[in-house]
Amino acid sequence: MADDLDRLFERLVRVLAEDAPGRLAIPFPACEVYERLVPYRSNRSILRVATHEDYEMAVLRLLAGERGYAALEPADVRNALRREAAEPNPDPGLFRQFPDAILSLNRLAAERFLRGDGGYAPSSPPPRAEPTEAGEQAGPRAEKKATPRAAPPPAPRFESPFELAEQSDTPRQCPYCGETLPAGRKVNFCPQCGQPPSGELRCPACGVEVDVGWRYCVSCGRATGFE
């Protein structure tokens, strides 16, 4: 049966897919999960969580990488959340200390939920054998020729938001340096300046958001390389 984590991930995937076709393929700050995309108050009934603590525990498990639904960077933050989630009495709100960690969704898991496969529906029972007609005798003479049935129409092809983002022929420009981004593939970072195409400048060392013109990161003190 699906639990809080499954429902949270499915809701997150559907919200992102409805936002824009390629949104699922772009990493984003972890704080967007609980602040904007799937906040507790407006999604409590959909997620079927009993308390705010249950909601935070589901977010903690998602950001910790449970079931491989998502990957959080940097790795030390992900490992810290994973250890906390495994504690007998965890602090479910620990993830709020790392709002700028970057989250990437598992493509296969996201597509499974979008297709409605879910993985939790019981298998269909075998078809019942049709009863024989009254007075029909077993044997070669009693056999009836099966009437050929028309083949069902093929199911419509599932268009993955990830493929739509990767196969788009529309040239995109990096919002920071203005260079054209590679077409026909997933682009997490600009090959010219190293920044994400979302338009948010990130420290190359710790991933914290920085402003244009900052030569050093206010979080880790490393040089940003921006002029």
Side-chain angles (χ1 to χ4, degrees), residues 1-124 158-165 186 188 196 198 200 207-209:
M1 296 295 294
D3 62 4
D4 294 346
L5 174 59
D6 298 318
R7 289 188 289 270
L8 172 64
F9 180 69
E10 180 177 8
R11 179 60 177 165
L12 175 62
V13 166
R14 297 196 182 281
V15 168
L16 288 172
E18 293 172 359
D19 185 26
R23 187 73 168 83
L24 283 164
I26 302 175
F28 56 91
C31 62
E32 289 195 17
V33 174
Y34 50 89
E35 290 182 354
R36 187 178 68 85
L37 298 172
V38 194
Y40 170 72
R41 290 186 179 275
S42 58
N43 290 273
R44 178 179 178 180
S45 59
I46 297 175
L47 300 177
R48 301 203 295 272
V49 288
T51 65
H52 185 263
E53 185 176 356
D54 292 337
Y55 167 81
E56 286 192 326
M57 191 64 203
V59 175
L60 176 65
R61 294 166 62 194
L62 175 69
L63 300 184
E66 186 172 329
R67 296 178 190 159
Y69 283 161
L72 193 68
E73 295 294 339
D76 57 342
V77 174
R78 179 177 67 250
N79 293 335
L81 297 184
R82 185 174 300 169
R83 289 192 298 268
E84 188 66 28
E87 289 290 330
N89 297 301
D91 175 11
L94 179 65
F95 57 82
R96 297 184 183 276
Q97 299 182 20
F98 312 100
D100 296 316
I102 302 300
L103 189 67
S104 302
L105 302 187
N106 182 308
R107 171 174 179 166
L108 296 179
E111 290 179 345
R112 185 191 68 182
F113 279 101
L114 287 176
R115 283 194 300 262
D117 294 345
Y120 306 104
S123 57
S124 302
F158 171 72
E159 293 186 346
S160 166
F162 293 87
E163 293 178 358
L164 293 176
K186 177 181 177 181
N188 292 333
S198 61
E200 297 177 346
V208 169
E209 185 175 357

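What you see below is based on every heavy atom in this structure, not just the backbone, and it leaves out hydrogens, waters and symmetry mates. Throughout, numbering of the chain's residues begins at 1 and tracks the sequence. This structure is a prediction, so every number in the text was calculated from the model and none was measured.
With sequence neighbours excluded, the residues satisfying side-chain hydrogen bond (donor to acceptor under 3.5 Å, both in side chains) with Arg36 are Glu32. Partners of Asp100 under the side-chain hydrogen bond (donor to acceptor under 3.5 Å, both in side chains) rule, at least two apart in sequence or in another chain, do not exist in this structure. Checked against side-chain hydrogen bond (donor to acceptor under 3.5 Å, both in side chains), Arg14 has the following partners two or more places apart in sequence or in another chain: Glu10. For Glu73, the side-chain hydrogen bond (donor to acceptor under 3.5 Å, both in side chains) partners at least two apart in sequence or on another chain are Arg78. Checked against salt bridge (charged side-chain N to carboxylate O under 4.0 Å, His left out), Arg11 has no partners two or more places apart in sequence or in another chain. Here Ala109 pairs with Phe9, Tyr69, Asn106 under the side-chain contact (heavy atoms from CB on, under 4.5 Å) rule; sequence neighbours left out. In this view, Arg44 satisfies the salt bridge (charged side-chain N to carboxylate O under 4.0 Å, His left out) rule with no residue, not counting sequence neighbours.
Between Leu5 and Ala58, the shortest heavy-atom contact is CD1-O, 3.8 Å. Residues Leu105 and Ala70 share a closest heavy-atom pair of CD2-CB, 4.1 Å. Contact between Leu37 and Asn43 at its shortest, heavy atoms only, is O-ND2, 4.3 Å.
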Throw together a table of side-chain donor-acceptor distances under 3.5 angstrom for residues 84-95, partners on residues two or more places apart or in other chains.
| residue | atom | partner | partner atom | Å |
| --- | --- | --- | --- | --- |
| Glu84 | OE2 | Asp91 | N | 2.7 |
| Asp91 | OD1 | Gly93 | N | 3.2 |

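Under a 3.5 Å cut-off, the side chain of Arg107 and the backbone N or O of Ala25 do not form any donor-acceptor pair. Judged by distance alone, the side chain of Arg23 and the main-chain N or O of Ala17 form no donor-acceptor pair under 3.5 Å. Remark: the backbone N or O of Val15 is not paired with any side-chain donor or acceptor of Asp19 at under 3.5 angstrom.
Applying the side-chain hydrogen bond (donor to acceptor under 3.5 Å, both in side chains) test to every pair with at least one member in residues 48-58, sequence neighbours left out, gives these pairs: Thr51-Asp54, Glu56-Arg96.
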